[in-house]
Amino acid sequence: MYLYLMRHGRALALEESNVQYDAERPLSGPGKRDILAVSEFMKKMDYHPHGIFTGPFNRSRMSGEIISDAFGDIPVHMDTSLLPGAGLSDVLNCLSTFDPKNQQAALVILHEPDISYILGQLFQGEDGQYPYPIYSGDFFALRVDINNHKAMGRTLSAYSPMITRCGDHV
């Protein structure tokens, strides 16, 4: 199975977003541009997801919708198991409808530090953590194999709009 993990785009600060709760914060203008840059990278690399999975937070959902629109209406599935604190088992449960024999690909949009822990588990085992910072909009393309109920990942590529962009960072 091909698994694409992405941290949601940058959101407006609570004070400037005119919303009451953190979960309601929308993407900022730079956050939207970052997600569009990720979608261009995905197209260039021919990483076409068959489904997009997000948690219920507005910034995650908006990130998924931007990618969906860029690819031409890929289904976006909201799943409460992908709230902050989600783990590898939550991600794999969301993907249980995908057929790994058909080489299907899914994009899962998460929060940090969840992505660090999930990448660490896929690469290093149960207690691993990804050793590098993960910025808003960071994208990871992985090949995931599941044997004996254990998932192991291999990096195909990674992209960071924060690192590739000059200036304009938060």
Side-chain angles (χ1 to χ4, degrees), residues 1-11 27-55 57 59-79 82 86 88 90-124 128-147 151-170:
M1 167 190 295
Y2 294 97
L3 174 61
Y4 309 138
L5 294 178
M6 185 177 83
R7 184 175 175 192
H8 61 76
R10 292 181 281 169
L27 292 177
S28 64
K32 291 175 185 176
R33 287 193 301 274
D34 288 349
I35 300 306
L36 285 171
V38 171
S39 69
E40 290 304 312
F41 173 79
M42 291 173 69
K43 288 179 185 178
K44 190 179 293 184
M45 298 298 291
D46 199 27
Y47 294 146
H48 186 98
H50 296 94
I52 299 171
F53 297 84
T54 77
F57 279 32
R59 56 192 176 267
S60 295
R61 184 188 49 75
M62 289 177 72
S63 296
E65 289 170 356
I66 290 170
I67 299 283
S68 173
D69 291 346
F71 276 93
D73 292 329
I74 296 168
V76 178
H77 310 277
M78 192 281 299
D79 193 308
L82 298 177
L88 179 58
D90 298 310
V91 169
L92 296 176
N93 285 336
C94 285
L95 305 179
S96 62
T97 60
F98 277 54
D99 181 3
K101 292 183 180 96
N102 286 335
Q103 302 300 310
Q104 289 186 319
L107 170 63
V108 180
I109 299 171
L110 297 161
H111 301 268
E112 192 46 21
D114 303 342
I115 293 177
S116 289
Y117 293 125
I118 291 167
L119 289 172
Q121 287 178 322
L122 286 170
F123 299 143
Q124 302 168 4
Q129 184 172 358
Y130 192 70
Y132 304 105
I134 296 177
Y135 302 107
S136 294
D138 281 5
F139 170 87
F140 299 86
L142 310 168
R143 168 75 188 175
V144 176
D145 296 307
I146 301 172
N147 294 313
M152 295 298 295
R154 183 177 56 205
T155 305
L156 302 174
S157 65
Y159 175 79
S160 178
M162 184 73 73
I163 293 172
T164 57
R165 180 176 64 285
C166 293
D168 175 70
H169 52 242
V170 176

Next on the checklist: Check this for me, if you would: do R61 and E65 make a salt bridge, where the nitrogen-to-carboxylate-oxygen distance has to be below 4.0 angstrom?
Outcome noted: yes
Checklist entry - Quick one: does D138's side chain get under 4.5 Å of I115's, heavy atoms only? => result no
Checklist entry - If you measure from CD1 on I134 to CD1 on I118, what distance do you get to the nearest 0.5 Å? => result 9.5 Å
Checklist entry - Given the rule in the side chain to side chain contact (heavy atoms under 4.5 Å, CB included) test, do L27 and S63 qualify, once you have shown the distances and angles that lead to the verdict? => result CA-CA 8 Å; L27 292 177; S63 296; 3.8 Å; yes
Checklist entry - Going by heavy atoms in the side chains, are V144 and L95 under 4.5 Å from each other? => result no
Checklist entry - To the nearest 0.5 Å, what is the distance between OH (Y132) and CG (L119)? => result 12.5 Å
Item to check | Close side-chain approach of M1 and I146, heavy atoms under 4.5 Å | outcome: no
Checklist entry - Within the distance-only criterion (no hydrogens, no angle test), does the side chain of S68 pair as donor or acceptor with the backbone N or O of I74 below 3.5 angstrom? => result yes
Checklist entry - If you draw a 6.0 Å radius around OH in Y117, do more than 12 non-hydrogen atoms from other residues or ligands fall strictly inside? => result no
Checklist entry - Where do Y159 and M45 land on the side chain to side chain contact (heavy atoms under 4.5 Å, CB included) test, with the steps shown first? => result CA-CA 11 Å; Y159 175 79; M45 298 298 291; over 6 Å; no
Item to check | Donor-acceptor pair, side chain of S28 and main chain of R10, under 3.5 angstrom | outcome: yes
Next on the checklist: I'd like to know whether F57 forms a ring-ring contact (aromatic ring centres under 6.0 Å, His included) with H111, so could you lay out the CA-CA distance, the side-chain angles of the two residues, the decisive distance to 0.1 Å, and finally the verdict.
Outcome noted: CA-CA 10 Å; F57 279 32; H111 301 268; 5.0 Å; yes
Checklist entry - For G137 and V38, which heavy atoms make the closest approach, and how far apart are they? => result O-CG2, 3.2 Å
Checklist entry - Looking only at heavy atoms, what is the nearest atom pair of F41 and A158, with distance? => result CZ-O, 4.2 Å
Item to check | Any donor-acceptor pair under 3.5 Å from K32 side chain to I66 backbone | outcome: no
Item to check | Minimum heavy-atom distance between A86 and L82, given as atom pair plus value | outcome: CB-CA, 3.9 Å
Checklist entry - How many angstroms lie between atom OG1 of T155 and atom CZ of R143, to the nearest 0.5 angstrom? => result 13.5 Å
Checklist entry - In terms of the angle between their ring planes, are Y130 and F140 parallel, tilted or perpendicular, with boundaries placed at 30° and 60°? => result perpendicular
Item to check | Gap between atom OH of Y2 and atom CG of L142 - 0.5 Å precision | outcome: 11.5 Å
Item to check | From CD (Q121) to CG (L88), nearest 0.5 Å | outcome: 5.0 Å
Item to check | Euclidean distance, I109 CD1 relative to R59 CZ, rounded to 0.5 Å | outcome: 12.5 Å
Checklist entry - Would you call N93 and D79 a side-chain contact if the rule is heavy atoms closer than 4.5 Å? => result no
Checklist outcome for this item: What one should report as the nearest heavy-atom pair of S160 and Y135 is OG-CD1, 4.1 Å
Checklist entry - Which pair of non-hydrogen atoms, one from A106 and one from F53, has the smallest distance, and what is that distance? => result CB-CE1, 4.0 Å
Item to check | Distance-minimising heavy-atom pair for S60 and G55 | outcome: CB-O, 4.1 Å
Checklist entry - Is the shortest heavy-atom distance from the side chain of L107 to the side chain of Y47 under 4.5 Å? => result no
Checklist entry - Taking side chain as C-beta onward, heavy atoms only, is P49 less than 4.5 Å from M42? => result yes
Next on the checklist: For a side chain to side chain contact (heavy atoms under 4.5 Å, CB included) check, start with the C-alpha distance between C94 and H77, then their side-chain angles and the critical distance, and finish with the verdict.
Outcome noted: CA-CA 9 Å; C94 285; H77 310 277; over 6 Å; no
